[in-house]
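Values below: all heavy atoms of this structure, side chains included; hydrogens, waters and symmetry mates excluded. As the structure lists them, so they are numbered: ligands from 1, and atoms in each ligand from 1.
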Amino acid sequence: MSIKVAKPTAQEVKSNPREFAIYTLLDKNKDSTFETQALQDAAKQYGSKSSTVKEGNLKYSQFVDLLVKAGEPCEGKGDCLSWAAQDDSGHLAPWKLTRRQPGPEDIFLQVVYCGVCHSDLHQLKNEWGNTTFPVVPGHEIAGIVCDMGKNVTGWKLGDKVGVGCFIDACRNCHACEIKDDNYCPGCVLTYNSKDKEGNPTYGGYSTHLIVDHRYCLRIPDNLQFDSVAPLLCAGITTYSPLMHYEMNKPGFKLGVVGLGGLGHMAVKFGKAMGLEVTVISTSDHKKQEALEVLKADHFLISKNEKEMQAHAKSLNGIIDTVSAVHEMVPLLGLLDLNGKIVCVGVPPEPMSIPAFPLLASRLSIGGSMIGGIRETQEMLDFCGKHNVVCKCEIIPMQYINTALERLVKNDVKYRFVIDVQNSCLL
Ligand code: NAP
Ligand code: ZN
Ligand code: ZN
């Protein structure tokens, strides 16, 4: 049995963006017709009323009524409910803030899912020493377009949209010119940064964002939406060095150190590109899954000297995703002549690297930070083509503080993703 719901007007979308995002995702055939049971389940999951869905046609306002939920009382003032930390305890709690009105170049997006990156944790705890509180983290954002400025073309209401680690750049410098805008000195980060007007930026642990359309990414429709959000940081941060350092040729022997959010994406990209992938991990907890599900070719435990030595000089390149200070020398020993190691993890303290192993095999050390907007779109299209998504654990917003504790303990396979629609209520 199915129910036809009237299509909303632009004004109705604007007034109830949360319900429009749910409507869009439920409307799988794009004909505004919903299975009665699916609508009943959605009302139970997202709404607060225990109303029974009856057969027949519904006005859009009746659909909204089924799904609307009353807000919870919280600190702050404004139109956007977020989850913020007020100090470096990093504890997140509901907090209201005001977003700017969409300008002529802007897209208003309702956040549906937001990934939990280890960088969120570093910044919540001020481990890099640069956090301005209150901070609203979140730079792995998957949402739905609910409004846009008059100069925005090519987007329409209901489109799936992604936002990653930055939402603006100077658009004039050398880095911007060559489309490496992630390296622009004027890059505006999605949170813990200042926009061009000098206002603080707040991330995706929130109901909605207003972002210039140039920094919005298109999400391939075939990808499972709840598993897409982490591509916007974990995905691009591992895809970009594979491309830039030319580690993307079939047969290349790639090592991935740390099988967390970033690391498991590096394995997935490596396999999709035809590489021979070796995971280097701290324990055997993830071994079976790495080999059987992620299809890594080899799995080494970094503390097992014998195993590491048996694989000496077995790799052409390494992506190091580790978030804490760790030994580099055993990793360098895995690299063959002319090998390279690219650091993408950001341990809070410097690490020591002796010169001798570098020169003995003519090794190079590099770094890489997220990726430009053009390359991020290229990565998303690659994911669409190869059906690459993140393996994640979906959590309600209310679980976030526990999730962060588990992330510290390395207890997640491989990314927490917040179901914002279901938990950020206004
Ligand atoms: P994550 O999910 O916590 O994964 C990090 C992995 O590192 C863990 O799963 C663990 O893997 C390993 N690890 C943790 N502690 C370790 C230790 N003491 N010694 C050795 N290995 C250890 O974190 P993530 O979100 O992937 O982020 C990883 C790092 O990249 C963070 O520092 C983050 O800030 C940074 N990052 C950088 C960029 C960039 O633009 N370059 C972008 C995003 C994130 P095993 O269980 O396999 O040992
Ligand atoms: Zn990140
Ligand atoms: Zn620039």
Side-chain angles (χ1 to χ4, degrees), residues 114-125 127-128 137-141 164-166 168-192 196 203-204 229-241 256-267 279-287 289-290 294 296 299-303 319-328 330-331 342-349 351 366-373 376 390-393 403-404 406-416:
C114 186
V116 180
C117 179
H118 205 113
S119 300
D120 299 347
L121 186 60
H122 288 306
Q123 290 178 88
L124 281 166
K125 305 252 179 199
E127 287 176 355
W128 295 336
H139 58 206
E140 294 185 335
I141 301 162
C165 300
F166 66 106
D168 210 343
C170 86
R171 306 178 206 171
N172 287 317
C173 70
H174 175 62
C176 284
E177 235 162 63
I178 63 168
K179 308 293 180 201
D180 279 334
D181 38 3
N182 49 318
Y183 297 106
C184 167
C187 192
V188 177
L189 301 177
T190 305
Y191 70 87
N192 194 30
K196 285 177 176 162
L231 299 178
L232 277 307
C233 174
I236 183 60
T237 302
T238 46
Y239 179 88
S240 183
V256 176
V257 191
L259 196 61
L262 268 57
H264 100 288
M265 286 310 308
V267 175
V279 172
I280 301 113
S281 188
T282 46
S283 73
D284 63 3
H285 292 151
K286 302 169 186 167
K287 181 171 181 174
E289 196 166 307
L294 300 175
F299 190 97
L300 305 178
I301 295 168
S302 49
K303 285 171 199 143
I319 294 195
D320 183 343
T321 76
V322 174
S323 52
V325 172
H326 56 286
E327 286 286 333
M328 293 293 279
L331 301 177
V342 182
C343 301
V344 294
V346 194
E349 304 293 332
M351 296 190 294
S368 190
M369 189 177 72
I370 43 174
I373 290 295
T376 307
C390 181
K391 184 168 187 303
C392 37
E393 180 176 336
L404 291 169
R406 284 182 50 198
L407 186 56
V408 173
K409 293 187 209 137
N410 198 3
D411 172 25
V412 53
K413 284 179 182 164
Y414 292 89
R415 204 42 138 207
F416 289 114

(request) Among all protein heavy atoms, pick out the one at the shortest distance from atom 20 (C) of ligand 1; state its residue, atom name and that distance to 0.1 Å. (result) Thr282 CG2, 3.3 Å

(request) Mark the output for Arg415 as yes if a heavy-atom distance to ligand 1 is under 4.0 Å, and as no if none is. (result) yes

(message) I need the atoms of ligand 1 closer than 4.0 Å to a non-hydrogen atom of Trp128, numbered in the order shown.
(response) 34 (O)

(message) Starting from atom 24 (P) of ligand 1, what is the nearest protein heavy atom, named by residue and atom, and what distance separates them?
(response) His118 CB, 3.5 Å

(request) Ignoring angles and geometry beyond distance, decide whether Val322 reaches within less than 3.5 Å of ligand 1 through its nitrogen or oxygen atoms. (result) no

(request) Look up atom NE2 in His326 and atom OG1 in Thr282, then write down how far apart they are to the nearest 0.5 Å. (result) 11.0 Å

(message) Going by side chain to side chain contact (heavy atoms under 4.5 Å, CB included), Ile370 matches just one of Cys187, Cys165, Ser119. Which one?
(response) Cys165

(message) Below a 4.0 angstrom heavy-atom separation, can you tell me which part of Phe416, side chain or backbone, both or neither, approaches ligand 1?
(response) neither

(request) Count, excluding waters, the protein N, O or S atoms that are closer to the Zn ion (ligand 3) than 2.8 Å. (result) 4

(message) Determine whether Val279 and Leu294 satisfy the following criterion, side-chain contact (heavy atoms from CB on, under 4.5 Å), listing intermediate values before the conclusion.
(response) CA-CA 10 Å; Val279 172; Leu294 300 175; over 6 Å; no

(request) For atom 39 (C) of ligand 1, find the nearest protein heavy atom and state the residue, atom name and distance (0.1 Å precision). (result) Thr237 CG2, 3.4 Å

(request) State the atoms of ligand 1, each with its element, that fall below the 4.0 Å cut-off from a heavy-atom position in Leu259. (result) 9 (O), 11 (O), 45 (P), 47 (O)

(request) Run through Leu331, Val344, Val256 and flag the one making a side chain to side chain contact (heavy atoms under 4.5 Å, CB included) with Asp320. (result) Leu331

(message) Treating Thr190 as the side-chain partner and Gly203 as the backbone partner, does any N or O pair qualify as donor plus acceptor under 3.5 Å?
(response) no

(request) Measure the distance from atom 12 (C) of ligand 1 to every protein heavy atom, then report the residue, atom name and distance (to 0.1 Å) of the closest one. (result) Gly258 CA, 3.9 Å

(request) Would you confirm whether Ser281, through its side chain, and Ile301, through its main-chain N or O, come within 3.5 Å as a donor-acceptor pair? (result) no

(request) Around atom 47 (O) of ligand 1, find the nearest protein heavy atom and jot down its residue, atom name and distance. (result) Ser281 OG, 2.6 Å

(request) Check each of Pro230, Cys117, Ser119 against atom 33 (C) of ligand 1 and report the one with the nearest heavy atom. (result) Ser119

(message) Regarding ligand 1, does Val325 bring an N or O atom to under 3.5 Å of one of the ligand's N or O atoms?
(response) no

(message) Once ring pair (Phe, Tyr, Trp, His ring centres under 6.0 Å) is applied, do any residues pair with Tyr191, and if so which ones, sequence neighbours excluded?
(response) His139

(message) I'd like to know if the side chain of Tyr239 reaches the main chain of Met265, judged simply by a donor and an acceptor atom lying under 3.5 Å from each other, with no hydrogens or angles considered.
(response) no

(message) Among all protein heavy atoms in this structure, tell me which lies nearest to atom 26 (O) of ligand 1, with the distance rounded to 0.1 Å.
(response) Leu262 N, 2.8 Å

(message) Between Gln123 and Pro137 (side chain of the first, backbone of the second, donor and acceptor by atom type, cut-off under 3.5 Å), is there such a pair?
(response) no

(message) By the definition side-chain hydrogen bond (donor to acceptor under 3.5 Å, both in side chains), identify the one residue from Lys286, Glu289, His264 that meets it with Tyr414.
(response) Glu289

(request) For His285 and Asn410, run side chain to side chain donor-acceptor pair (under 3.5 Å): C-alpha distance rounded to whole Å, both residues' side-chain angles, the deciding distance at 0.1 Å, then the answer. (result) CA-CA 10 Å; His285 292 151; Asn410 198 3; over 6 Å; no

(message) Which heavy atom of Gly115 sits nearest to which heavy atom of Asp120, and what is that distance?
(response) O-OD2, 3.8 Å

(request) Write out the residue and atom name of the closest protein heavy atom to atom 9 (O) of ligand 1, then the distance separating them to 0.1 Å. (result) Asn410 OD1, 2.9 Å

(request) Would you name the heavy atoms of Gly204 and Ile141 that are closest together and state the gap between them? (result) CA-CD1, 3.6 Å

(message) Looking at every heavy atom in both Ala175 and Cys184, which two are closest together, and how far apart are they?
(response) CB-N, 3.9 Å

(message) Taking distance alone, with N or O pairs closer than 3.5 Å, would you say Gly263 contacts ligand 1?
(response) no

(message) Looking only at distances, can you tell me whether any N or O atom of Lys286, backbone or side chain, sits closer than 3.5 Å to an N or O atom of ligand 1?
(response) yes

(request) Everything protein-side that's N, O or S and under 2.8 Å from the Zn ion (ligand 2): list it, residue and atom. (result) Cys117 SG, His139 NE2, Cys233 SG

(message) Show every side chain to side chain donor-acceptor pair (under 3.5 Å) that has at least one partner inside residues 170-182, sequence neighbours left out.
(response) Asp168-Arg171, Arg171-Asp212, Arg171-Tyr215

(request) Indicate the atoms forming the closest heavy-atom contact of Asp411 with Phe416, along with that distance. (result) O-CZ, 4.0 Å

(request) For ligand 1, find out whether one of its N or O atoms is nearer than 3.5 Å to an N or O atom of Ser283. (result) no

(message) Using a 4.0 Å cut-off to any heavy atom of Leu407, which atoms of ligand 1 qualify?
(response) 3 (O)

(message) Would Ala234 count as a contact residue for ligand 1, given that I'm defining contact as a non-hydrogen atom of the residue lying under 4.0 Å from a ligand atom?
(response) no

(message) Closer than 3.5 angstrom, by distance alone: can the side chain of Arg415 be matched with the main-chain N or O of Cys392 as a donor-acceptor pair?
(response) no

(request) Would you kindly specify which portion of His122 sits under 4.0 Å from ligand 1, judged on non-hydrogen atoms: side chain, backbone, both or neither? (result) side chain

(request) Considering non-hydrogen atoms only, spot the tightest contact between Ser240 and Ser368 and give its length. (result) OG-OG, 4.2 Å

(message) Using only atom types and a distance under 3.5 Å, with no angle test, would you say the side chain of Thr237 pairs donor to acceptor with the backbone of Cys233?
(response) yes

(message) Nearest non-hydrogen contact with atom 30 (O) of ligand 1 belongs to which option: Gly261, Gly345, Gly164?
(response) Gly345

(request) For ligand 1, find out whether one of its N or O atoms is nearer than 3.5 Å to an N or O atom of Ile280. (result) no

(request) State, to 0.1 Å, how close Pro185 and Cys173 come at their nearest heavy-atom pair, and which atoms those are. (result) CD-SG, 3.9 Å

(request) Quick one: look up the protein heavy atom nearest atom 37 (C) of ligand 1 and list residue, atom name and how far away it is. (result) Val344 O, 2.8 Å

(message) Can a donor-acceptor pair be found, under 3.5 Å and without considering hydrogens, that links the side chain of Thr321 to the backbone of Val257?
(response) yes

